[in-house]
Every structure is written in structure tokens, then in C-alpha cells.
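Input: a single structure, listed below in C-alpha cells.
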Amino acid sequence: MQGGFFGGGSGGSVCMSTVSMEDNVVMSSEDSSSPDEGELELGLGLSLGGAACFKGSGPRGCQQYARILTAKDLPSKVSVSSSSSTTSSSSTLSRAIATAGTKRTADSVAASNGVASQVVGWPPIRSHRMHIMVNQAKSQVTEEFSSMNKRKNAVEEKVGNKNINSDNTKARTSLFVKVNMDGTLIGRKVDLNAHGCYETLAQALENMFLRTTTTVNMTRLSTPEHKNMIDAKRHSQLLGGSSEFVLTYEDKDGDWMLVGDVPWGMFTSSVKRLRIMRTSEATGLGK
Amino acid sequence: MGPNPKMRKEFFDSTRSSPFPDEVLERVLSLLKSHKDRSAVSLVCKDWYNAESWSRAHVFIGNCYSVSPEIVARRFPRVKSVTLKGKPRFSDFNLVPENWGADVHPWLVVFAAKYPFLEELRLKRMAVSDESLEFLAINFPNFKVLSLLSCDGFSTDGLAAIATHCKNLTQLDIQENGIDDKSGSWLSCFPENFTSLEVLNFANLNTDVNFDALERLVSRCKSLKVLKASKSISLEHLQRLLVCAPQLIELGTGSLMPELTACQYAQLENAFNQLKNLSTLSGLWEASAPYLPLLYPACTNLTFLNLSYAFLQSHELESLLCQCPHLRRLWVLDTVGDKGLEAVGSNCPLLEELRVFPADPFDEEVIHGVTEAGLLAVSYGCRRLHYVLYFCRQMTNAAVATIVQNCPDFTHFRLCIMNPGQPDYLTNKPMDEAFGAVVRTCTKLQRLSVSGLLTDLTFEYIGQYAKNLETLSVAFAGSSDRGMQCMLEGCPKLRKLEIRDCPFGNAALLSGLEKYESMRSLWMSACNVTMNGCRLLAREMPRLNVEVMKDDGSDDSQADKVYVYRSVVGPRRDAPPCVLTLSEVDEASRCDGSPTNQNPSRYELPSWPHAPCRTGLRWAGFSSLRNLFVVNAWEHCVS
């Protein structure tokens, strides 16, 4: 139930795919010196201006030249995840990289547990190209929203990009939130405004998470048994409380709640992100 | 081409008259186009030096601060065409402050006096103001070609000035600049009797252009070969333009947003049918499946297809590629996925260059984009591939080794694994062996960008094997100073080295003292270099400019961003306050452009690493060593 999963789960830990999920969770929480949930949230934040407010972010602070991105030192981030690797060459590397910013404070080392998008000028794409893509995303969302089906992924990505790249404005036509599932390394995003109710949302999530494997290679599960199982339990698997998993969300106050208890409108206005949690861990959640 | 060693020594005794009249020599040398050839030729002897200087029509200056416009003008009196590059490449990624410098204006002022008949100006990463553009337009009556790539500081007002005054303009190429796009009315500034345009590229702009003016312009410029429109040009507009210009060789469409009636669709189909000579197709914003078939008839002779603004799916790409049997260069977005790249491998046997850009680079957690499988598939089908730029989220050592085995002729290998410091995702090992395979197998490699989890071993490999490497970009890599030392000790042809976020410190920086004079520039940011290290470098190497920029709030001893480059004119005087120039040259001997005013101690004859210089010195009867130095320095500095 800790931020360690999310913090460690992004970026570096994702690529250590041979390490088991449990190991990742445990190691990340041991190694992070201060993964305060609030700071992590800033690090992963969708509005990029926010990350500049890191306390103790060390000398790199926020660069005056950062237009779209905030400056966070990535080597420190690498060290956090590298040190959880078991190979000796990597740990030498992580020590070396950890000293790469000797000026950086321990706080910033862990606080910059964000993703690569927090680093100025990385990936190295010309600003011009990024502006073009953002602008294209805007116009395409408003004009092609109806014909989305075939190109769902592409649109999701574009609008997601738009959310990230416009400082504090949320998209008027979509509301993307991240969804992570216990046991899955890579999360997804879902547009809440594309659903009007909990049922369709749950179904969409089931399609996303319960039909595909969790390996980075993304081979699709095609065994007939599994498909039948999914079909049979189509109705509110995640909402019914009867399956192995339960759908929860984090609200504005940082509390984790079960999805489905409040009216839809209230839900969408307060949700920050979703998590498909193991039922066994979901005891004592706020209702 | 170098001096013929069989020629008798007395031939080159400068006290004897040349066997050829000067005019003949100049005429012969004017046929030389390559800068490298010309550099070599100019070192043979004084006559050849002079003849080459007089016959040089095009000057290429790779770093605008390596030399002054006065020196250029004195050396080459008859230049018609100038290419000038300014800011360090990382300015493209917001790592350099906007007021850093590289202002083109001082160059224009000198050129107006010395090259009034200048015809061509190509600028890359320079600061260009509207005033400069107006100055250019007014002062050069023969001006023909303007190309601005990745520049900033100007607006469409500057373009209006160009359009208004340049009566002989043949090329206007505005690419990827930071333009203040005020309005599209600049296009109406071309006079009605203006017909000479051959190249028009305004794809950079966002605002609506005056379409009627554009249409009239295109109809009356019968030699127009290249037209790259901006996104504001609709399909209907496009049809009208194509009807006026079926002779186009390169086309950049506007938006492909679907909005045509059936009749309009048919008309556009016809228009594309007429484009028999098209070799390049780009633009294609908002391309969507129903409208892609419009392009098919024009694709038969395509060699370059730029889909990097089109969010295509794999099957859409495949259908398009089936129409382009002669494709040599392809740029795509990673929305096409590995499946799309398999289609590339199957349909493009002649492919030489592939660039795959990320559609959504900042979102790590959504599954999309391309993987090692995509590039692998391309390498199996496209054995002639020699240029790749590939943004991906996962890669393996084995895949890269296979890719270069399939395509050993890589000259440019730019791999960006977007998550910094990410290892081989299958083995969890560093990506050292991948780049080891690249440099071992690709002996012609000129440009390399590395990424992923990398130890010093990668750089050992690079230093040892990359004999032809000229440009190297390194980010979030290396374990210790040794990594950088390997790069500097090896790589004999290294000219540009850019490093960010690596654990390289002063020892590494200072291990390359001799090397930096043979390079154009070095960039190091977010490494472990300190101010003292930089000061030491500046002190030891007076012919290098050492510039440091500091980040907000960083501590005093850290040198956050370091830019080192050779120069014959000493530290620049236009550096903004945020750029500290470290130099031992005292104020009194600051250069005014003339080498004779230089502090003499800067110009002891150096031990140049390149043999031709020494040979030249031995053969030539140069009247002074200082002149030879300037010649040599010039050749090195501007390349």
C-alpha cells in the first residue's frame, strides 16, 4: 500500500523485469530515502510546473530555461532503481552514478523518483516537433473524437500528451487518469470522460488488464479458457467484490477509496488515479 | 586530394613563377567543391593558397565563434554563399538560454561591405531578428537563397521583408525555427511581377496564410520545384495549388483533415495523378485512413517520405509503402508500431535512412511505440540501411548485434532508449555489448548516439574501434572518468562530443587537452566538472574558448554546463551574463579580427596532429610561420 510501488515501479524498476514484483516493492521502499507520497505525486504529476516546487531539490532546482519540462536529476533516479538490481556491474554503476551529482542532496535523489519526462531536454526531441505534436493532439481530439474506435490508442496517447504538456489546464473533452494493477509492472491510462458510469469503466479496465499478460513484450493471452472466463464474469468483476481484485481510487485528499460508492460525477471530480488492488489488501479502505 | 608527392620539389619554391598562370589555376581549383579538398589544396603552397582563396565561392563555418567575419572576408574575397552554424546542438532541447548568442547580425554587417553580391545564406541555430532579415533583404540585391533551420528570434515580419525586397529570390526555406508567427500576410508581400521562386518551405508556420496570394505566387512561379506548405493549408487549398504546379519535385501537404465532398475528392485525386515527378512527400498533418489513398498515384517515384507528423497505424503505413517501391528515406511516428516496421522491412528494399519518432515521449506507463523487434525487422529487409534514428522503450544487446550484422554499412547510428539508464530488458545487463557491436561492425560509422545503461566498457569499445567517428552524443552513461578518457584517447576523427548527465569529472575533462584543438567543440552538462577544472583547461589551452553556464541555485564550484571550442579570435565579446568565459588572454589584446593583433604568445607554432600541415610547412615557402598557423587554424576551426 505504499508509494514505493508506484515510485519504484516507474522508470527504472520497470526495466528490471526479471526481478519479481514483490522484490521490487520491498527493495524500492528500502532504498528510497524519502519517498513521501506527496513528493512522489509531484514527481509523477501531470502538470509539469508542479515538480519545480520540490523541497530540498538540491542545486539543480528548477531551471529557468525549462519550458515544457522540469529539471530533475535523473542519475539519482537511476541509482535508486539500479541499486535494487542484483548484478555487480550495475551496482558499481549505480554507486558511480549516485556520485554523479555530488552536489545533489539525498532528498533530491529520492524525490526525483519521477519518470524520464521530468528531465529537461530528454528525450532529445526538438521543441518544434513537440509543439507540433501537442497542437495536433488538441485539434485531433476535438474533431475526431467520434471516430476514435479504430485509433483508440493513438488518440489516447495524443490527449495524454496534451494533458502533460499544458501546464494547468485539463482537457475539456477527456479526463485521463493512470491505472495500475497489483502484479502488473506497466500501468495504463483511461479516459474517465469516455465513460458515463462505473460499469463501462470497470469493463474497460477488465479488458485492459485482465485480458493481457503483464510482460513488457505484451503478448496477448489467447487461450480459450481464459477468454471464456472473462466473458462469463463480464459483469462487474471489479465492482462486485467477488473477484480476486477490487478497484480503488485515490482522491484529492490522498485517501484510497473503493470505487463505486459515490455518484459518478463526484467520483470524476475527486479521483486522481486508480488502482486495481488485490482484495486481500483492500481491507480497511475508506468508503 | 592532396599534393602530388611525385612533383619535384623546386616546383613549389615560391621564388619561381608558377607553371600555370593564376587564372588557369583558379579555374581548375574552382571545380573543387568539397571543403576538405579545398583545405588540403590551400596548404600546398602559397600560389595554391591564393588561387584557392580567390576561387572559393562557398564558405562553410561550423561554429560562428571560431572565426570572425572580418577574417573570413579577408581570406575569401569572392564568396557568394555562406553556411553558418551557431548554438550548440543541445540548444534544440532547451539546455541553452535563449540569449546565449550566435547573432547573425554582425556577420551581415561585414558581408554587406565585403560581399555585396552575396547570393546564398544558410543558417543553423543562429539568433536572427526581424531587423537582420530586413537588413539582409535590403543590402544584397542579388540575394537568392535563404535557409533558416532551428533559428529563433524572428517573426513573420522578417519574412515579409524578405518577400518584399528580394527580387531575385529562388529559395525560401524556413524549417523548425522558433518563429513568432504573427500572421500569414507576409506571402502577399511578394510583388506581382516576382516569378523566380524555386523552393518555398513554410511548413514551420501555424497561422493561416493568405491563400489567394499563395495561389497566385505558385501559379506565376513556373520554376517552382519544392513547395512545403503549413498545416493551415486545407485539402481544398492543396488541390488548387497542385493544379498550378504539377511540376513539383517535393511536396509538403497541409492538413489532411477529412472535409471534402465527393467531387472535391475526385478533383484532388486528379491533381495527385498529375504529380509524376514527385520524389519527396511530407506534411500530412492529421492524416487519416480515408484520405491516404489520394496520395498513392504520386508515390511511384518517391524516394523520401516524411510521415513524422502523421499518426498512422501499421496497416495504413503498409498500404502507403506498397506504393513506394523506390523509397530511400522514411521518417515515421512510432504509432505504426513494430508491425508497421515489419511492413517497412517487407516493402522497402532500397531503404537507406529510417527515423522513428515517439508520438508520446513523456508517458512511460502506456504501452505503445516500437521495440527492438521493429528495428530488427527493418534490418532484415533493408540491407542498405545506413542511417537510423530510433526512439524506443526497450532494447537488447542481441538485437543490436543482429541489426548491425544485417546492416554493416551504418554511417549514422542514433539510438534513443527513452528511459535513461535502462539495461537490456531481457538480460538486465548494461547495453555495452550493443554499442560494442555497432562500432566493431560498422567501420564507416561517422555519427553515434548512445543510450541505455552503459558502463565505461562502452567507451572503451568506442575509443578502440570507432576510427571514423566524428560526432558522439552521450547521455546518462558511463561509470567513471575512464569512460570519457577512452573516447578522447581513441576516436582519431572526433569533431563533436556532447555529454550530459554522466559521471565524468575534471580528470576526464583534462585528459583531452590536446584533443580539443582538433575538434570543433565539446559540450558537457550535468557532469562532475568544477570551475577549477575549467579554469585549468582555459589556462593550459589558450586557443580554446571555455564557456561555463551555471544553473540556478547550484553551488559555486560546480560547472553545470561547459562548452569548449577552438577559435582563432579568442573569447567572444557578446556573451550574456549567464555565460562565463574563462580565458587567460588579457583584455588589451582582445582580437578585432586581425590575426596580427593577436597576443603573439597565442600563436607559437603548435604541434598540429595532422600530417599534411607539417608536410605543407616543409614544402611551402611561407613567409612566416604565423601565416601558416592562421591557415592551419582556419582549416581546423571552420570545419
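Bear in mind that the values here come from a model prediction, so they are computed numbers and not experimental data. First the proteins, then the strands, lettered A, B, ... as listed; each starts at 1.
- Contacts between Phe391(B) and chain A at a heavy-atom distance below 4.5 Å involve the side chain alone, from C-beta outward.
- No part of Ser255(B) comes within reach of chain A, as not one of its non-hydrogen atoms sits under 4.5 angstrom from that chain.
- Counting only distance, with no hydrogens or angles, the side chain of Trp122(A) and the backbone of Asn419(B) share no donor-acceptor pair below 3.5 Å.
- For Arg125(B), the CZ atom sits in a packed shell: over 12 heavy atoms of surrounding residues, nucleotides or ligands are nearer than 6.0 Å.
- Of the two parts of Leu457(B), neither the backbone nor the side chain holds a non-hydrogen atom closer than 4.5 Å to a non-hydrogen atom of chain A.
- A search for salt bridge (Lys or Arg N to Asp or Glu O under 4.0 Å) contacts involving Arg414(B) returns nothing, not counting sequence neighbours.
- A pairwise comparison of heavy atoms in Gly121(A) and Arg500(B) identifies O-NH1, 3.1 Å as the closest pair.
- For the atom pair Asn94(B) CG and Ile125(A) CD1, the distance stands at 11.5 Å (nearest 0.5 Å).
- Distance CZ/Arg126(A) to CD/Gln175(B): 8.5 Å, rounded to 0.5 Å.
- For the pair Arg129(A) and Phe357(B), the cation-pi criterion (under 6.0 Å, within 45° of the ring axis) is fulfilled.
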